[in-house]
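Atoms within each ligand, like the ligands themselves, are counted from 1 in listed order. The chain is numbered in sequence order, starting from 1.
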Amino acid sequence: MAVCRYHPDRAAIGVCMRCRAVICAECCTRMDGVNHCHACLRTLGRRGEVQRGDNVMPNIAGTAVFGVAWLVLFGLAWWMQGWLAP
Ligand SMILES: [Zn+2]
Ligand SMILES: [Zn+2]
């Protein structure tokens with residue numbers, strides 16, 4: 001049975017996609033659907049912030065679209081209420 005590169009007493013559950021190190025559940029961090037060991041996470045730290053910055057933009061855009069959609073819906077409902085009221 002394969003053991004973790006960092007924990008010889010623990011069973012490996014995956015392979016780091018970056019350095020191919022065999023790692024256990026505690027060492028394994030899933031990022032963008034890919035396993036990373038903590039050593040690679042550290043080296044990715046600076047780049048990870050940039051990636052996170054890229055990921056924030058679609059989230060903000062999605063939230064903005066969602067908010068505008070709700071505003072339009074509420075505005076329409078409010079307008080309809082005022083229009084239907086005697
Ligand atoms: Zn690694
Ligand atoms: Zn480990």
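- The atom name of the N/O/S atom in His7 closest to the Zn ion (ligand 2) is ND1.
- Remark: side-chain polar atoms of His7 are not paired, donor with acceptor, to backbone N or O of Arg5 under 3.5 angstrom.
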(message) Between Trp70 and Phe74, is the ring-ring contact (aromatic ring centres under 6.0 Å, His included) condition met? List the steps.
(response) CA-CA 6 Å; Trp70 267 109; Phe74 269 113; 5.3 Å; yes
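- Cys40 and Cys16 make their closest contact through SG-SG, 3.6 Å (heavy atoms, listed as atom of the first residue, atom of the second, distance).
- Centred on the Zn ion (ligand 2), the SG atom of Cys24 and the SG atom of Cys27 lie at an angle of 110°, reported to 10°.
- Expressed to the nearest 10°, the angle at the Zn ion (ligand 1) joining SG in Cys37 with SG in Cys19 is 110°.
- Of all heavy-atom pairs spanning Val22 and Ala12, the tightest one is CG1-CB, 2.9 Å.
- Among the atoms of Cys28, no N, O or S atom is found under 2.8 Å from the Zn ion (ligand 2).
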